Amino acid sequence: MSVRDWRYCGKCHVMFYDGNPEKGACPTGGGHEAVGYMFVLPNDVPGTPTAQTDWRRCGRCAVMFYDGYPAKGVCPGGGGHVASGKHYVPPHDVAGTPTAQSDWRYCGNCQAMFYDGYAEKGACPAGGGHSAIGYNFVLPHLADPRAPVRID
Ligand SMILES: [Zn+2]
Ligand SMILES: [Zn+2]
Ligand SMILES: [Zn+2]
């Protein structure tokens, strides 16, 4: 069982839930802006040595954040993140595939899931760019039928 509509925000580089008309709160201003793959993230399954529990959607800013600590990070909507909806169990430290993207990391400053594959680290609501700590998450996504054909 899984849920679609998780997307990468091209403005602040986090994973956010794009399935609602409201696009949350982006630290760069306005709502988050979906770019690239449509992710399909495992939820409500047991954790394993290579899949971490306690990832939730923030009901205020719409990002995916780690809810396993007493502190709830920094929410661009104000205060800490507020857990809402399903319990996600993202895979980590496994091989990437054509339909699973590696280099997704936990930000030690705001506690959001962000994409660390670019030199530029996005916009962290705690200030500066996001700061990667811990596991290397490998997130499943649909093969994008709209992706342009690459001609090498
Ligand atoms: Zn954003
Ligand atoms: Zn939040
Ligand atoms: Zn951050």
Side-chain angles (χ1 to χ4, degrees), residues 1-45 47 50-94 96 99-142 144 146-148:
M1 189 179 169
S2 55
V3 165
R4 300 180 181 193
D5 290 329
W6 284 97
R7 308 291 300 274
Y8 164 76
C9 174
K11 297 196 299 184
C12 72
H13 296 198
V14 300
M15 181 67 75
F16 80 101
Y17 186 70
D18 193 41
N20 294 323
E22 290 298 317
K23 303 308 178 191
C26 186
T28 66
H32 299 289
E33 195 174 288
V35 174
Y37 295 129
M38 180 85 73
F39 289 89
V40 183
L41 304 179
N43 68 85
D44 294 330
V45 295
T50 56
Q52 188 179 38
T53 58
D54 290 325
W55 285 88
R56 307 290 301 276
R57 172 174 64 89
C58 174
R60 200 149 49 195
C61 71
V63 307
M64 172 163 285
F65 78 101
Y66 184 65
D67 192 39
Y69 297 124
K72 303 306 176 189
V74 179
C75 182
H81 298 292
V82 180
S84 174
K86 295 179 187 300
H87 295 250
Y88 292 91
V89 187
H92 60 81
D93 299 297
V94 295
T99 54
Q101 187 178 41
S102 57
D103 292 327
W104 285 89
R105 306 291 300 274
Y106 164 79
C107 174
N109 293 332
C110 70
Q111 296 186 202
M113 179 78 80
F114 79 101
Y115 184 64
D116 193 40
Y118 297 121
E120 209 261 312
K121 302 308 177 189
C124 183
H130 297 288
S131 178
I133 292 182
Y135 297 134
N136 188 331
F137 290 93
V138 181
L139 303 182
H141 57 80
L142 302 180
D144 189 354
R146 294 161 302 172

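Atoms within a ligand are numbered from 1 in the order they appear, just like the ligands themselves. All values derive from a computational prediction rather than experimental measurement. Values reported hereafter were calculated over all heavy atoms of this structure, with side chains retained and with hydrogens, waters and symmetry mates removed.
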Practice task
Would you sort out whether Tyr115 and His13 count as a ring-ring contact (aromatic ring centres under 6.0 Å, His included), showing the intermediate values?
Solution key: CA-CA 6 Å; Tyr115 184 64; His13 296 198; 7.9 Å; no
Problem - Test log, rule side-chain contact (heavy atoms from CB on, under 4.5 Å), inputs Asp44 and Lys86 - result: CA-CA 7 Å; Asp44 294 330; Lys86 295 179 187 300; 4.2 Å; yes
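Under the 3.5 Å distance criterion, the side-chain polar atoms of Lys11 are matched with a main-chain donor or acceptor of Gly31.
Note: angle at the Zn ion (ligand 1), from SG of Cys12 to SG of Cys26, is 110° (rounded to 10 degrees). In this structure, SG of Cys110 and SG of Cys107 enclose an angle of 110° at the Zn ion (ligand 3), rounded to 10°. Between His81 atom ND1 and Cys61 atom SG, the angle centred on the Zn ion (ligand 2) amounts to 100° (nearest 10°).
Taking each heavy atom of Gly96 and Val138 in turn, the nearest pair found is CA-CG1, 3.8 Å.
Between Tyr118 and Tyr8, the ring planes are tilted. Angles from 30° to 60° get that label.
Here the N, O or S atom of His130 that is nearest to the Zn ion (ligand 3) is ND1.
Among the atoms of His32, an N, O or S atom falls under 2.8 Å from the Zn ion (ligand 1).
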